[in-house]
Novice: 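Below you'll find the structure I mean.
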Amino acid sequence: MNVSRSGYYAWVVRPRSNRDIENAELTAKIKAVFADGRHVYGTRRVANMLAKQGVLISRRMIRKLMLVAGLTCKTNRKVKVTTNSNHNPSVAPDL
């Protein structure tokens, strides 16, 4: 990792930054809203629900925190119809 031993141990004992603490709190709130939305809420809905709770945060920040937390919303896919039963040609007999 190209990090000195003393630099690593200095990083280990360093206290968490205010930004890191705030991101952890926001991630917990985002996870709660995401779970309440049955894992289908994207950044827009999460932002709206957090705004109703009084937490103002941008969609880009929500997206970043969701990616770090591994939260991806479920999407419905269109069903591709592959059978056309309304056709004119006669169907061959099943021998």
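Since we're looking at a predicted model, the values are computed, not measured.
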Novice: To the nearest 0.5 Å, tell me how far K64 NZ sits from L26 CG.
Specialist: 10.5 Å

Novice: For L56, which fellow cluster members are found when Ile, Leu, Val, Met, Phe, Trp and Tyr are connected by side-chain heavy-atom distances below 4.5 angstrom, either directly or through intermediates?
Specialist: none

Novice: For T27, enumerate each residue passing the side-chain contact (heavy atoms from CB on, under 4.5 Å) test, keeping only those at least two apart in sequence or located in another chain.
Specialist: K31, L65, A69

Novice: So, taking the atom named CG in L67 and the one named CD1 in I62, what distance separates them when rounded to the nearest 0.5 Å?
Specialist: 12.0 Å

Novice: With sequence neighbours excluded, tell me which residues meet side-chain contact (heavy atoms from CB on, under 4.5 Å) with Y8.
Specialist: V3, W11, V12

Novice: Please name all residues satisfying side-chain hydrogen bond (donor to acceptor under 3.5 Å, both in side chains) with R77, sequence neighbours left out, ordered by chain then number.
Specialist: none

Novice: ring-ring contact (aromatic ring centres under 6.0 Å, His included): which pairs involve residues 47-77, sequence neighbours left out?
Specialist: none

Novice: What pairs with S58 under side-chain contact (heavy atoms from CB on, under 4.5 Å), at least two apart in sequence or on another chain?
Specialist: R60, M61

Novice: Show every donor-acceptor pair shorter than 3.5 Å between a side-chain atom in residues 33-51 and any protein atom, with sequence neighbours excluded, or say none if there are none.
Specialist:
| from | atom 1 | to | atom 2 | distance (Å) |
| --- | --- | --- | --- | --- |
| T43 | OG1 | R59 | NE | 3.3 |
| N48 | ND2 | R44 | O | 3.4 |

Novice: Are L71 and V55 grouped together when hydrophobic residues (ILVMFWY) are joined by side-chain heavy atoms under 4.5 angstrom apart?
Specialist: yes

Novice: Can you sort out the partners of R16 under salt bridge (charged side-chain N to carboxylate O under 4.0 Å, His left out), two or more places apart, ordered by chain and number?
Specialist: D20

